[in-house]
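Side chains are part of it too, since the values below use all heavy atoms of this structure and drop only hydrogens, waters and symmetry mates.
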Amino acid sequence: MMPWLPQVGRVMLLMCLATVVRAAEQPPAARNVYSGQGLVLHAQTRTPDQMVAFYTGRGFPAAMLEPISHVCFLTVSMRHTRQDVVWLEPSRWRLLDAEGNSLNRLGRDFWNRVWETMQAPAAHRATFGWTQLPESRDLQPGEPVGGNITLVPPTGAFTLEAHFATGPDKKGPEIVGRIEGLICHAQSTDKTRESEP
């Protein structure tokens, strides 16, 4: 396939492609897709069982699976057909509950603290990092990207409001894509809430 791409990268690429294919087979209302301004963005929540099974298959110890099972994983894939650069920067995205209140995204800093506290093996930390969306990346025309973001599970439906700067200097017109009606299946614990950034 692509010998230069690490194994976990190939797995994530296949997961994202499978998600996009499944989305194309579903009726439009069930797709969880934003399409507009030359951008197609797909988002799908994962169940705790799915994520625990995925990381168990990569040899993660039980201690690392515990916090993974209590957060919401949102798998996101996107591609753009614009002629300029689109900037992927999840820190600019908003996750909103049904009342429009902001939800906390659990970024790399959060996970680095969790893994450091439990002295998680470096190989598993790297694998987990590969499965997350990059924190900042310039996407060239036609370039796809996919991965996970994590958040403290809200009690009801939530909205992803993804903001994208455009142009090589980020001074082009902003793209805002919204996907509503997302549902998390994980149950938050007090321990997770106390660790929020």
Side-chain angles (χ1 to χ4, degrees), residues 5-16 19 41-48 50-79 85-97 102-140 143-154 158-165 170 177 179 182 184-186 188-197:
L5 189 61
Q7 181 179 359
V8 72
R10 290 193 297 262
V11 171
M12 283 308 299
L13 179 61
L14 292 174
M15 281 179 61
C16 289
T19 297
L41 176 70
H42 181 267
Q44 179 178 349
T45 58
R46 304 290 181 184
T47 68
Q50 286 174 318
M51 300 316 299
V52 167
F54 177 82
Y55 291 112
T56 297
R58 272 110 208 117
F60 277 40
M64 290 184 76
L65 298 174
E66 175 63 20
I68 286 170
S69 70
H70 293 291
V71 300
C72 179
F73 278 78
L74 183 63
T75 301
V76 177
S77 60
M78 62 169 282
R79 176 186 292 272
V85 173
V86 172
W87 290 86
L88 172 70
E89 298 171 299
S91 63
R92 300 184 68 230
W93 296 6
R94 298 183 66 207
L95 299 158
L96 306 168
D97 67 14
S102 292
L103 302 169
N104 284 323
R105 181 176 73 94
L106 304 172
R108 289 178 186 269
D109 289 344
F110 168 83
W111 288 108
N112 286 338
R113 288 192 303 270
V114 171
W115 303 146
E116 188 66 33
T117 298
M118 68 174 58
Q119 299 181 338
H124 296 317
R125 292 172 67 166
T127 297
F128 186 85
W130 270 98
T131 64
Q132 306 306 295
L133 275 179
E135 287 297 322
S136 180
R137 181 161 165 200
D138 59 326
L139 299 172
Q140 302 302 314
E143 184 179 6
V145 68
N148 296 312
I149 60 175
T150 58
L151 63 146
V152 175
F158 70 99
T159 297
L160 168 63
E161 186 179 279
H163 294 251
F164 299 92
K170 301 184 183 182
I179 299 176
L182 296 164
C184 277
H185 306 284
S188 178
T189 64
D190 292 337
K191 184 176 180 180
T192 302
R193 290 193 183 278
E194 289 166 7
S195 302
E196 291 177 28

Roughly how far, to the nearest 0.5 Å, is the [atom2] atom of [Y] from the [atom1] atom of [X]?
X: Phe128; Y: Asn112; atom1: CZ; atom2: CG; answer: 9.5 Å
X: Arg125; Y: Arg108; atom1: CZ; atom2: CZ; answer: 12.0 Å
X: Leu160; Y: Thr45; atom1: CG; atom2: OG1; answer: 11.5 Å
X: Leu151; Y: Asp97; atom1: CG; atom2: CG; answer: 11.0 Å
X: Thr150; Y: Leu106; atom1: OG1; atom2: CG; answer: 4.5 Å
X: Thr131; Y: Ile149; atom1: OG1; atom2: CD1; answer: 12.5 Å

**Request:** Evaluate the criterion side-chain contact (heavy atoms from CB on, under 4.5 Å) for residue pair Val152 and Phe110; output intermediate values, then yes/no.
**Result:** CA-CA 11 Å; Val152 175; Phe110 168 83; over 6 Å; no
**Message:** Just to verify, which of Gln132, Gln44, Gln50 counts as forming a side-chain contact (heavy atoms from CB on, under 4.5 Å) with Phe73?
**Reply:** Gln132
Measure the shortest side-chain to side-chain distance between [X] and [Y] over non-hydrogen atoms and say whether it is less than 4.5 angstrom.
X: Pro154; Y: Cys184; result: yes
X: Leu96; Y: Ser102; result: yes
X: Pro153; Y: Phe158; result: no
X: Asp138; Y: Glu143; result: no

**Fill in**
Contacts of Arg94 meeting salt bridge (charged side-chain N to carboxylate O under 4.0 Å, His left out) (sequence neighbours excluded), chain-then-number -> Glu161
**Message:** Between Arg105 and Glu89 (salt bridge meaning N to carboxylate O under 4.0 Å), is one present in this structure?
**Reply:** no
**Asked** What pairs with His124 under side chain to side chain donor-acceptor pair (under 3.5 Å), at least two apart in sequence or on another chain?
**Response** none
**Prompt:** Between Phe60 and Val52, is a side-chain contact (heavy atoms from CB on, under 4.5 Å) present by the stated rule, with each step listed?
**Reply:** CA-CA 9 Å; Phe60 277 40; Val52 167; over 6 Å; no
**Request:** Could you give me the CA-CA distance, side-chain angles and deciding distance for Met78 and Phe164, then say whether side-chain contact (heavy atoms from CB on, under 4.5 Å) is met?
**Result:** CA-CA 12 Å; Met78 62 169 282; Phe164 299 92; 3.5 Å; yes
**Request:** For the pair Val71 and Trp111, evaluate side-chain contact (heavy atoms from CB on, under 4.5 Å) and give the outcome as yes or no after the intermediate values.
**Result:** CA-CA 11 Å; Val71 300; Trp111 288 108; 3.8 Å; yes
Minimum-distance pair of heavy atoms, taken over all atoms of [X] and [Y]:
X: Met118; Y: Ala63; value: CE-O, 3.3 Å
X: Gly107; Y: Glu135; value: CA-OE2, 4.4 Å
X: Pro134; Y: Pro90; value: O-CD, 3.3 Å

**Prompt:** Who pairs with Thr117 by side-chain contact (heavy atoms from CB on, under 4.5 Å), at least two apart in sequence or on another chain?
**Reply:** none
